[in-house]
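The next block holds one structure in the form of structure tokens; read it before the comments.
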Amino acid sequence: QKEVEQDPGPLSVPEGAIVSLNCTYSNSAFQYFMWYRQYSRKGPELLMYTYSSGNKEDGRFTAQVDKSSKYISLFIRDSQPSDSATYLCAMTRSGNTGKLIFGQGTTLQVKP
Amino acid sequence: DTEVTQTPKHLVMGMTNKKSLKCEQHMGHRAMYWYKQKAKKPPELMFVYSYEKLSINESVPSRFSPECPNSSLLNLHLHALQPEDSALYLCASSQAGTGKETQYFGPGTRLLVL
């Protein structure tokens, strides 16, 4: 079993839809959770960073962490064609010298 | 400015060539990373430098040789690579490499080994 599970999709939605992307994990020591967006043939771009449980909102993006369920989510409101990309969840624990554990990535396509 | 730059953007090399990938950041970060990413896969960690010292080597073959000349620069020296080493090579940096900080990625170098 992988430490982090993420449905690879692809996920296709119409423009304006609410998108929900999710990851589950098995290591209860993870405390730091990130979402990256990666366009084709580009490097990953940090979208959201959350410490421990709770919600964090930034514009159209909301990140949620539920440590009791070992489950994290990224919500995208009013999705746009420019949101079409691969979304990677990543997480780590304190003192891990920066080693991120990535999910497999979910490919999202937002159709105009 | 959260920018990590990488050169070259693309590289084609033969199996007997020696080449180097370069990475630079001016965010004052003291941890820098090399990742390898194959198509439709997440990045795989190769090396971590923390305060210019190698702190993680993820059992990478010796044909990959990292170097951190100073706190802003990171190189990856390539020698006698195999076709299966063709991939996107990503550099990243973070404040101190304790795991608490966010990592910022560069655009990557797309490497093709013939």
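Lettering follows sequence order; numbering is per chain, from 1. It should be emphasised that the depicted structure is a prediction, and the values quoted were computed from it without experimental measurement.
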Worksheet item: Does B:M32 offer a backbone N or O that forms a donor-acceptor pair with the side chain of B:Q25 under 3.5 Å?
Response: no
Discussion item. So for B:E44, is it side chain, backbone, both, or neither that comes closer than 4.5 Å to the heavy atoms of chain A?
Written reply: neither
Practice prompt. Determine the option with the most heavy-atom pairs under 4.5 angstrom with chain B, choosing from A:G43, A:P8, A:P44, A:G105.
Written response: A:P44
Worksheet item: By a 4.5 Å heavy-atom criterion (distance strictly below it), what part of A:E45 contacts chain B: side chain, backbone, both, or neither?
Response: neither
Practice prompt. Please check if atom NZ in A:K111 has more than 12 non-hydrogen atoms from other residues, nucleotides or ligands closer than 6.0 Å.
Written response: no
Worksheet item: Do you reckon B:L54 sits in the same ILVMFWY cluster as B:F64, going by side-chain contacts under 4.5 Å, direct or chained?
Response: yes
Discussion item. In this structure, is the centre-to-centre distance between the rings of B:F47 and B:Y35 below 6.0 Å?
Written reply: no
Worksheet, complete the sentence: Highest number of heavy-atom pairs under 4.5 Å with chain B among A:K42, A:Q6, A:Q38 belongs to A:Q38
Discussion item. Over 60° means perpendicular and under 30° means parallel, so tell me whether A:F102 and A:Y36 are parallel, tilted or perpendicular.
Written reply: tilted
Worksheet entry | Which portion of B:Q37 sits near chain A, non-hydrogen atoms under 4.5 angstrom | side chain
